[in-house]
**Q** 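First the structure, then my questions, so here it is.
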Amino acid sequence: MRRGIIFVAAAILSACTGEVDDLPLAETDEAPAGIIGGTVDEGDPAVAMLRIYPEGEDFGEICTASLIAPKVLLTAAHCLTPDKVDGGTVTAFFGTDSYGEEGFWVNVVETHVDPAYDHTNKQAGHDVAVAILEEPVAIQPLPYNRAPLTEDRVGESGRLIGFGDDHEIWGFGGVKYHVSTTVHTVTPSLVGLGDRDHHTCVGDSGGPALMDVNGVPTIVGVTSFGGVQAPSICTDGWHARVDLSLDFIDQFVNAP
């Protein structure tokens with residue numbers, strides 16, 4: 001156990017929209033690491049890890065987040081629900097390895113959840129939240145998608161980034177990984193990226209699903225939930241469309 005700290009990586013949920021056999025087959029068979037099928041990500045400085053300690057707890061959760069303004073992180077609503085953050089402590093790590101010597105931590109002073117989020121119905125999307133940092137970060141923020149995401153984007157390439165686990169749900173995240181993959185589904189509320197060998201896992205919740213928009217890597221989805229194959233194997237990942245939460249997100253990005 002690293003540094004003697006127990007983290008429960010947040011929210012691979014059993015209420016998944018697809019089983020492993022529903023996902024497209026991979027063209028290659030790569031050994032998984034971190035994000036399933038991924039490699040260590042030494043870049044993408046705007047992608048951070050959130051460490052969430054609920055009040056009175058000596059163990060915490062980790063999620064992933066994206067800097068979208070100097071003091072604003074975009075993440076998943078299920079990572080920052082009131083039962084987890086009210087009276088608790090949330091900090092953000094910027095870097096590659098949260099257990100290493102490089103990188104830095106910033107306190108989170110406010111959290112806000114999209115009011116349209118329904119924790120009983122993840123398939124409805126809106127699993128979106130923002131975390132407000134104590135001080136601005138000198139990193140170029142990532143843009144987020146403003147155009148309606150349509151089914152004609154299926155088959156296009158994308159990329160997933162997160163600080164989560166590999167196959168084992170009760171393993172330890174904390175290192176940033178990424179994987180290139182393709183869009184396999186666009187629903188009225190979600191976007192699905194990946195195949196059976198390349199997708200997100202526990203701790204990647206809140207991380208960005210990126211696609212090129214006008215030639216610029218852009219957040220099109222926030223990692224929301226995925227499937228589990230008994231006993232504890234991540235099988236897929238689904239992402240809340242950000243274009244459906246623009247009114248919520250914009251009010252914090254545009255705040256003075």
**Q** Would you give the length of the straight line joining atom CG of Leu133 to atom OG1 of Thr91, rounded to the nearest 0.5 angstrom?
**A**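 It is 10.5 Å, given to the nearest 0.5 Å.
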**Q** Inspect the contact between Arg153 and Asp212 and indicate whether a charged nitrogen and a carboxylate oxygen are less than 4.0 angstrom apart.
**A**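 No, this pair does not count.
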**Q** Taking a hydrophobic cluster as the set of Ile, Leu, Val, Met, Phe, Trp and Tyr residues connected by side-chain heavy atoms closer than 4.5 Å, whether directly or through intermediates, do Leu246 and Phe248 fall within one such cluster?
**A**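 Yes.
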**Q** In terms of side-chain heavy atoms, does His126 have a donor or acceptor partner in Ser189 at a distance below 3.5 Å?
**A**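 Not at all, the side chains of His126 and Ser189 share no donor-acceptor pair under 3.5 Å.
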**Q** Specify the closest pair of heavy atoms between Leu190 and Ala240, including all atoms of both residues, with the distance to one decimal.
**A**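 Shortest heavy-atom contact: CD2-CA, 4.0 Å.
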**Q** Return the orientation label for the Trp238 and His184 ring planes: parallel under 30°, perpendicular over 60°, tilted otherwise.
**A**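 Geometry flag for His184 against Trp238: perpendicular rings.
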**Q** Are Phe163 and Ile68 linked, directly or through intermediate hydrophobic residues, by side-chain heavy-atom contacts shorter than 4.5 Å (ILVMFWY only)?
**A**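 Yes, because Ile68 and Phe163 connect within a single hydrophobic cluster, where side-chain heavy atoms sit under 4.5 Å apart.
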**Q** Dump the intermediate steps for side chain to side chain contact (heavy atoms under 4.5 Å, CB included) on Val183 and Met211, then the final yes or no.
**A** CA-CA 9 Å; Val183 177; Met211 296 180 67; 3.5 Å; yes
**Q** Check whether any side-chain N or O of Arg146 sits under 3.5 Å from a backbone N or O of Val242 as a donor-acceptor pair, and report yes or no.
**A**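 Not a single qualifying donor-acceptor pair exists.
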**Q** Look at Lys71 together with Glu135 and state whether they make a salt bridge at an N to O cut-off of under 4.0 Å.
**A**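 Salt bridge flag = no for Glu135 with Lys71.
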**Q** Is the backbone of Asp118 close enough, under 3.5 Å, to the side chain of Thr120 for a donor and an acceptor to pair up by distance?
**A**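 No.
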**Q** What's the spacing between Ile62 CD1 and Ser98 OG if we round to 0.5 Å?
**A**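 Spacing of CD1 (Ile62) from OG (Ser98) equals 7.0 Å.
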**Q** Could you report the tightest heavy-atom contact between Ala131 and Val108, atom names first, then the distance?
**A**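 The pair with the smallest heavy-atom distance is CB-CG1, 3.8 Å.
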**Q** Tell me, do Thr75 and Val130 make a side-chain contact under 4.5 Å, heavy atoms counted?
**A**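 No, their side chains stay 4.5 Å or more apart.
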**Q** State the CD-CD1 distance between Glu61 and Ile52, to the nearest 0.5 angstrom.
**A**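 Here the rounded value is 6.0 Å.
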**Q** Taking the side chain from Thr96 and the backbone from Asp41, do they hold a donor-acceptor pair closer than 3.5 Å?
**A**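 Between the backbone of Asp41 and the side chain of Thr96 there is a qualifying donor-acceptor contact (under 3.5 Å).
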**Q** If I take atom CG from residue Leu80 and atom CD from residue Glu110, how far apart are they, to the nearest 0.5 angstrom?
**A**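 Leu80 atom CG to Glu110 atom CD measures 12.0 Å (nearest 0.5 Å).
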**Q** Determine the minimum heavy-atom distance between Asp97 and Phe93, stating which atoms define it.
**A**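 Taking every non-hydrogen atom into account, O-CZ, 3.4 Å.
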**Q** Are there over 12 heavy-atom neighbours, none belonging to Asn254, within less than 6.0 Å of that residue's CG?
**A**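 More than 12 heavy atoms, drawn from other residues, nucleotides or ligands, come within 6.0 Å of this atom.
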**Q** Is there a side chain to side chain contact (heavy atoms under 4.5 Å, CB included) between Phe225 and Gln123? Walk through the geometry before answering.
**A** CA-CA 9 Å; Phe225 65 97; Gln123 290 85 353; 4.2 Å; yes
**Q** Nearest 0.5 angstrom please: Leu73 CG to Leu50 CG, how far?
**A**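 Between Leu73 CG and Leu50 CG, I get 6.0 Å after rounding to 0.5 Å.
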**Q** Is the backbone of Met49 close enough, under 3.5 Å, to the side chain of Lys176 for a donor and an acceptor to pair up by distance?
**A**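 Not at all, since once roles are kept as given, no pair shorter than 3.5 Å links the two residues.
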**Q** When you look at Thr64 and Asp204, which way does the side-chain hydrogen bond (donor to acceptor under 3.5 Å, both in side chains) test go after all the steps?
**A** CA-CA 5 Å; Thr64 303; Asp204 297 324; 4.5 Å; no
**Q** With heavy-atom distances below 4.5 Å as the criterion, would you say the side chains of Pro208 and Val47 are in contact?
**A**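 When only atoms from C-beta onward are counted, Val47 and Pro208 do touch, with a gap below 4.5 Å.
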**Q** Search all heavy atoms of Val253 against all heavy atoms of Ala69 and return the closest pair with its distance.
**A**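 Nearest pair, atom of Val253 first, then Ala69: CG1-CB, 4.3 Å.
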**Q** Run Ser224 and His78 through side-chain hydrogen bond (donor to acceptor under 3.5 Å, both in side chains) and show every step you take.
**A** CA-CA 8 Å; Ser224 178; His78 73 258; 4.7 Å; no
**Q** Testing the basics here: between Lys122 and Asp127, what is the closest heavy-atom pair and its distance to 0.1 Å?
**A**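 In terms of heavy atoms, the two residues are closest at CD-OD2, 4.3 Å.
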**Q** Taking side chain to side chain contact (heavy atoms under 4.5 Å, CB included) as the criterion, tell me which of Asn145, Leu210, Ile161 meets it with Ile219.
**A**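 Going through Asn145, Leu210, Ile161 one by one, the side chain to side chain contact (heavy atoms under 4.5 Å, CB included) with Ile219 is satisfied by Leu210 alone.
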**Q** Shortest non-hydrogen contact from Arg159 to Leu193?
**A**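 Heavy-atom minimum between the residues: N-CD2, 4.2 Å.
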**Q** NE2/His119 to OG1/Thr81 distance, rounded to the nearest 0.5 angstrom?
**A**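 Going from the NE2 atom of His119 to the OG1 atom of Thr81 covers 8.5 Å.
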